[in-house]
Protein chains: 2
Amino acid sequence: MITMQDIADKAGVSKGTVSYVLNGKQEKARINQATCARVIAIAESLGYRRNAIAQSMKTGKTNVIGIIGGLHNDYCMAIIKGINNVVSKNNYMIKLLPTDKIEDVKNAARQCVEQRLAGVICRSLSEEELEIIRSELASNNMPIVLVDNSFSHDWCSRVISDDFEGAKQATEYLLELGHRKIGFVTNDLIHGFSKVRYDGYIKMMTDWKIKVQKDDICCIDHGNKISNTQQNAIKDFLTLKKPTAVFCGSDPIAMKVINVAQSLGINIPQDLSVIGFAGLNYTFFSSPTLTTVKQPFVKMGQKVSEILLSEIKEKSPAKEIKLPVELIIRDSTTTIK
Amino acid sequence: MITMQDIADKAGVSKGTVSYVLNGKQEKARINQATCARVIAIAESLGYRRNAIAQSMKTGKTNVIGIIGGLHNDYCMAIIKGINNVVSKNNYMIKLLPTDKIEDVKNAARQCVEQRLAGVICRSLSEEELEIIRSELASNNMPIVLVDNSFSHDWCSRVISDDFEGAKQATEYLLELGHRKIGFVTNDLIHGFSKVRYDGYIKMMTDWKIKVQKDDICCIDHGNKISNTQQNAIKDFLTLKKPTAVFCGSDPIAMKVINVAQSLGINIPQDLSVIGFAGLNYTFFSSPTLTTVKQPFVKMGQKVSEILLSEIKEKSPAKEIKLPVELIIRDSTTTIK
DNA sequence: TTGAAAGCGATACCAT
DNA sequence: ATGGTATCGCTTTCAA
C-alpha cells in the first residue's frame, strides 16, 4: 500500500510536504505551485489512498458518528437516512451499534470510547440503557444526542416529533367530521410517546367538552405475544363500545383495528373512521389508505445530527427540539353518517 | 485519556508488559500471575479504554465491515440486522455507507480503502455501481461480497433468495386452488429479480399447460412517479382481463392491487386471490392479511457476513448461495368459487 | 519554500 | 518474567 513516504521519494520531497499538499494546506505552508502539482500527479498515478487510521491516530479525532439503538422499528431506517444526509455532507461517517439486550448497550458504549468516535446519537433507548451510555461516555466527554427518545434530560439535547400536537390534530379532525364517540386504541397508557398521544387525545376531547369514559380507551397489551388476545381486545372494544371513530397510538395498531373491523363486517370508513400515528410508507397503499399523523423521521435524523455536529465543534447547552407532525388525510376517515 | 503507558507507570512495569496482559497474551509472554492481576486491576481502576485506532494503526487491520447500498427498501433493515447478528459475535463492527447517486458510490469506495475496512458487503447495487467498487477495492485486495444483488460475478460471492422457486410455488399454489386465469403484475419484466419471478410464474404455468397470453401480464411502470398511471394500469387490467388470481412481483404491488380491486368492488379473496413477494412485516396486518412469498432477509444478511468473515481470514473461491423462500398463506387467497 | 524530526498509542521482537 | 525499542503512517513544529 502506497504511503506518503512513497510519494515523497518519487517526488524528491519530504513526506511533510506531501502531507501539506494532499491536505490542501499548500497556502499555509507556502509550497510552490510546481511541487504541488507534481506531488498531486504522483499521488494520483500511484493510486495513493490516505490512511485514515494513521490520520486519526495523529490528530486524535475520528470523523465517525455512532448510532446506538435497536433495529426493530420500521421507521428507524428513515431516521438513519436523515442522519446520513447531514453527516455525509460534512465528511463524517456512520458506525451502527445495533442493540437488543442490555449487554449490547454496554458493549456499544465501550466500543464508542475505544473507537474514539466523534459523537453518538442514541435512538429510542430506555432510561437504563441511556444511563449506561452516559456514564461511559461522560468521562471521555464525548457528545451524546437523543432522537426519538421519550425521556428528556438536562445534560443532552433531544429531537422528537410533536406528538401531543399531532394527537390533538387527529382528534380534532375526527371531531370536525362530526364524530363524538371517538375511541383511543393503544398498547401502553403509561409510558413514553403512547402516553403523550393519549394526553393529546384527552386534551382535545376535553376542549370540545366530550366526556371520555374509561371504556373509550382500548389498551391492547403489546407485550403479550398471543396476538389473538389483541385481536379479541379490539373486537370486544368495537362491538361493545361501538365507536364511530378510533384514533390509534400507532400505524400498526390502526392496521389491526381495520383488519378486525372488516372481519366484523364493519366498513371503513363508512361505519368507522380510523386514524394511525407515524405515517409509515405502507399506510399509503394499505386498503383503505390510512389517515395518519406523519412524523418527520428523516428531518428528525437531520436535525439531531446537525446538533451533534455543532456539539462536536463546541460544547453547547442542551436543546430540546420538537418537530411538527402533519395530519395526512386519506381514505380511512370520513364524516359521520 | 489513559494510555498503556499510564498503567505501566503506575504498575511499575513497561508498556510492553501491559500490552501483553491486556490482550490476554500473558501465557505467550510468560508474565507472572501477580503482575498480571496488578496490571488488570490498575487498568480497571483507571478506567482504561484501549485506543482501537492505535491498535489498528499498528496491526494494519480494522475490525470494521462496510455495508454499501441504498436505504430505500423496507427490507434492508432486516438484512443489516442479519449482518449484525454475525459480525458482532465476531467482534466486528458495521460502518454504513449509504448510497443514492453514483457519486455516493464512488465516495463510498474510496472511503472503504481510506478507512482500511476489513471487508465490504454490497447490497442491491447496479452493475455499474458494483464495478466502481470492484475497481477501487481490487487493487487493495479487500474482500467484497454481494447480497440481494441481481447479477452474479465470478470474482465474488453472492447471497440471494431463491426467487425462481418462490415464484413457482406461489403460482402453483394458485393453480392448486383451482385458478386458471392467473395474472402477473410487476413493475419490470426485463431486469433483475422481477424477471426471475416472472420466469418462475411462466415456468409453472407452462408446466401446468396453461397458456399465458401477453395480456395476462400487467407491467406497471414503476419509474413513472404519477401513481395514477399505475392505478389505472391495474384497474384496466382487472376490469378487462378479469383474472381470478394475480401473483405480484412484490408486496407493495400486491397491496396496490388489493387497493384498486376493492375500490372496484372486487372482494379479496372471494373474487380475486392475490399473492405478494417479499414477506414484509406489514403484510401480516394489512386487510386482508397478505399471502406472500417470504424472503429470508435476516438469514441472507447472516450468510453473507459469514462468507465475508471467512474471506477476510483467507481468500476463497466465489460462492453462490440461494436461500430458500417460504410461501406464507394468509387471507388474500382462496379457492376459486 | 522545504526538510527533519518528534510524537500519537499500541505491538512485538530482542535482550536481559 | 520483563524492559527497551523500533515501527506503523501521518501531522505539525521548528530550522534552515
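Each chain gets a letter, A, B and so on, in the order the sequences are listed, and its residues count up from 1.
With rounding to whole Å, Asp9(B) atom CG is found 14 Å from dG4(D) atom C1'. Summarising the geometry, the separation between CZ on Arg38(A) and P on dT1(C) is reported as 14 Å, rounded to the nearest angstrom. Here dT11(C) presents its C1' atom at 13 Å from CG of Leu22(B), a figure rounded to the nearest Å. Distance, Lys61(A) NZ to dT11(D) P: 14 Å, rounded to whole Å. Whole-Å rounding puts the Arg49(A) CZ to dC10(D) P distance at 13 Å. Straight-line distance from the CD atom of Glu27(B) to the P atom of dT2(D): 13 Å, rounded to whole Å. Rounding to whole angstrom units, CZ of residue Arg116(A) and C1' of dC8(C) are separated by 11 Å. Atom CD1 of Ile31(B) and atom C1' of dT16(C) are 14 Å apart (whole Å).
At least one donor-acceptor pair closer than 3.5 Å links the side chain of Ser135(A) to the backbone N or O of Glu131(A). Judged by distance alone, with hydrogens and angles left aside, the side-chain atoms of Asn149(A) form no donor-acceptor pair with the main-chain N or O of Phe151(A) at under 3.5 Å. Side chain of Asp9(B) to main chain of Asp6(B): no donor-acceptor pair is present (N/O by atom type, distance under 3.5 Å, no hydrogens or angles).
Using a 4.0 Å cut-off, some side-chain N or O of Ser19(B) falls inside it from OP1 or OP2 of dT11(C). The phosphate of dT11(C) has OP1 or OP2 within less than 4.0 Å of a side-chain N or O from Asn23(B). Close to dA12(C), at under 4.0 Å from its OP1 or OP2, lies a side-chain N or O of Lys25(B). When the side-chain nitrogen and oxygen atoms of Tyr48(A) are compared with OP1 and OP2 of dG9(D), none of them lie within a distance under 4.0 Å. Dashed line: the shortest gap from a side-chain N or O of Thr59(B) to OP1 or OP2 of dT11(C) is not under 4.0 Å. For Thr3(A) and dG9(D), the shortest distance from a side-chain N or O to OP1 or OP2 is not below 4.0 Å. OP1 or OP2 of dT2(D) has at least one side-chain nitrogen or oxygen of Asn32(B) nearer than 4.0 Å. In terms of phosphate contacts, Ser56(A) brings no side-chain nitrogen or oxygen within less than 4.0 Å of OP1 or OP2 of dC10(D). Between Gln5(B) and the phosphate of dA10(C), there is no side-chain N or O to OP1/OP2 separation shorter than 4.0 Å. The phosphate of dG3(D) has OP1 or OP2 within less than 4.0 Å of a side-chain N or O from Thr17(B).
Under 3.5 Å, the side chain of Lys15(B) and the base of dG9(C) form no donor-acceptor pair of N or O atoms.
Taking 4.0 Å as the cut-off between side-chain N and carboxylate O, Arg158(B) and Glu320(B) count as a salt-bridged pair.
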*Kindly indicate, with the supporting measurements, whether the criterion side-chain contact (heavy atoms from CB on, under 4.5 Å) is fulfilled by Ile94(A) and Ile121(A).*
CA-CA 10 Å; Ile94(A) 292 175; Ile121(A) 298 174; over 6 Å; no
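For Glu44(A), the CD atom is loosely surrounded, since the number of other residues' heavy atoms within 6.0 Å does not exceed 12.
Ranking dA10(C), dG9(D), dG3(D) by closeness to the Ser14(B) side chain, first place goes to dG3(D). The listed nucleotides are dT11(D), dT11(C), dT2(C); the one nearest the side chain of Lys58(B) is dT11(C). You'll find that the side chain of Gln55(B) is closest to dT11(C), out of dT11(C), dG9(C), dA6(C).
Mapping Asn51(B) and Tyr20(B) onto DNA chain C by nearest heavy atom places Asn51(B) closer to the 5' end of the strand. Heavy-atom nearest nucleotides on DNA chain D were determined for Lys28(A) and for Met4(A), and the one closer to the 5' end corresponds to Met4(A). Between Ala54(B) and Cys36(A), the residue anchored nearer the 5' end of DNA chain C, judged by the nucleotide with its closest heavy atom, is Cys36(A).
Nucleic acid contact class of Gly16(B) (heavy atoms, under 4.0 Å, all strands): base.
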